[in-house]
Protein chains: 2
Amino acid sequence: MNDPLTAFPGYSLRRAAHASSSELANRLAAIGLRQSDASVLMLIGANPSATASALGRHLAIQRANMVPLLKRLEDAGLIERAPIDGKSQGLALTEAGQDRLAQARQTIESFEEELFLRIPAEHREHLLPALEAIWR
Amino acid sequence: MNDPLTAFPGYSLRRAAHASSSELANRLAAIGLRQSDASVLMLIGANPSATASALGRHLAIQRANMVPLLKRLEDAGLIERAPIDGKSQGLALTEAGQDRLAQARQTIESFEEELFLRIPAEHREHLLPALEAIWR
DNA sequence: TATTGTTATACTCTATAACTATA
DNA sequence: TATAGTTATAGAGTATAACAATA
């Protein structure tokens with residue numbers, strides 16, 4: 001089939017993101033996490049007592065959409081909240097949360113490594129800087 | 001905020017795709033199209049009398065999800081169907097569809113050009129081959 | 001038997017508006 | 001006034017199962 005789309009970097013960007021995203025989502029589902037769950041756990045792990053709003057801003061997840069996400073993690077016993085002041089709550093990993101994060105980190109790291117190796121060597125080191133120029 | 005995610009190409013890939021996708025979606029909305037609409041119009045334009053199933057396979061859109069998409073395009077007077085045999089239909093652009101495709105093409109091409117120029121020159125030519133290694 | 005078009009359905013992600021309480 | 005957390009809701013994308021008709 002004649003395809004005028006694949007010549008566009010933006011189109012290929014979407015297809016590549018969708019393909020790799022689906023693959024990672026499958027692997028994370030095996031340990032009971034969504035990609036957004038794993039991202040949040042990683043970020044809380046690196047920033048104990050961060051607030052929901054701050055995490056959302058950093059991950060480009062809206063405040064309103066953080067609510068059900070954090071509720072699931074809390075119900076699963078992976079995170080807990082501690083009041084900072086009257087309106088803010090600091091988030092932290094429980095012990096179970098730290099264990100799950102360790103699993104997630106290993107899943108993500110091996111996935112990312114495989115992904116990286118799929119790229120021809122001469123292009124590898126260019127991908128991250130090119131992508132960062134697009135979104136950061 | 002301490003961020004362990006941005007070092008991962010896969011994560012950056014998702015963020016970059018989301019950012020560029022949102023931007024293109026906004027521009028296409030101005031001419032009454034979604035990204036998937038524009039993709040389908042482009043592909044029909046380049047492959048007259050292609051079937052819905054064939055388009056879906058090529059675009060990674062499932063048969064079942066092509067149905068409402070094509071219905072919208074047909075209701076908008078942009079495409080028409082002609083029976084090929086008893087079970088297949090060939091798709092074609094109407095005149096209005098060709099006009100809309102011309103608009104979409106211009107929108108996409110100027111978007112893609114801007115996107116490309118946002119990438120530092122030394123990384124530009126590496127992006128497409130790197131992405132294609134990931135999804136093709 | 002495999003494929004086409006279709007219906008129905010459900011889940012996820014994303015976006016917006018509005019509200020309360022607090023800084 | 002601005003911010004944090006929340007509720008409710010809607011749109012879009014994606015996925016699966018199933019069916020009838022045809023190749």
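Values in this document were obtained by computation on a predicted structure and should not be read as measured data. The sequence lines fix the lettering, A, B, ..., with proteins before strands; numbering per chain opens at 1.
Put simply, CE on B:Met66 is 15 Å from C1' on C:dT3, counting in whole angstrom units. Spacing between atom CZ of B:Arg81 and atom P of C:dT4 amounts to 15 Å, rounded to whole angstrom units. Rounded to a whole Å, the CG atom of A:Leu28 is 15 Å from the C1' atom of C:dT12. Between A:Gln89 atom CD and C:dA23 atom P the separation is 13 Å, expressed in whole Å.
To the nearest 0.5 Å, atom CZ of residue A:Phe8 and atom CG of residue B:Leu131 are 14.5 Å apart.
Taking A:Ser53 as the reference, nothing meets the side chain to side chain donor-acceptor pair (under 3.5 Å) condition, with sequence neighbours excluded. B:Glu112 is linked by a salt bridge (Lys or Arg N to Asp or Glu O under 4.0 Å) to nothing, counting only residues two or more places apart in sequence or in another chain.
Evaluation of the salt bridge (charged side-chain N to carboxylate O under 4.0 Å, His left out) test over residues 61-80 of chain A, restricted to residues two or more places apart or in two chains, returns A:Asp37-A:Arg72, A:Lys71-A:Asp75, A:Glu74-A:Arg81. Note on residues 42-52 of chain B: no pairs pass salt bridge (charged side-chain N to carboxylate O under 4.0 Å, His left out), not counting sequence neighbours.
Screening B:Thr6, B:Asp3, B:Asn2 against A:His58 for a side-chain hydrogen bond (donor to acceptor under 3.5 Å, both in side chains) leaves a single residue, B:Asp3.
Under a hydrophobic clustering in which Ile, Leu, Val, Met, Phe, Trp and Tyr are joined whenever their side-chain heavy atoms come within less than 4.5 Å, directly or via other members, B:Leu33 and B:Leu93 fall into the same cluster.
Between B:Thr51 and B:Gln89, the side chains place no donor N or O within less than 3.5 Å of an acceptor N or O (distance only, hydrogens not considered).
Of the residues in residues 37-58 of chain A, those lying under 4.0 Å from DNA chain D by heavy-atom distance are A:Thr51, A:Ala52, A:Ser53, A:Arg57.
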remark   = Protein-proximity profile, nucleotides 13-23 of chain D, B/S/- by nucleotide at the 4.0 Å heavy-atom cutoff, equals SBBBBB---BS
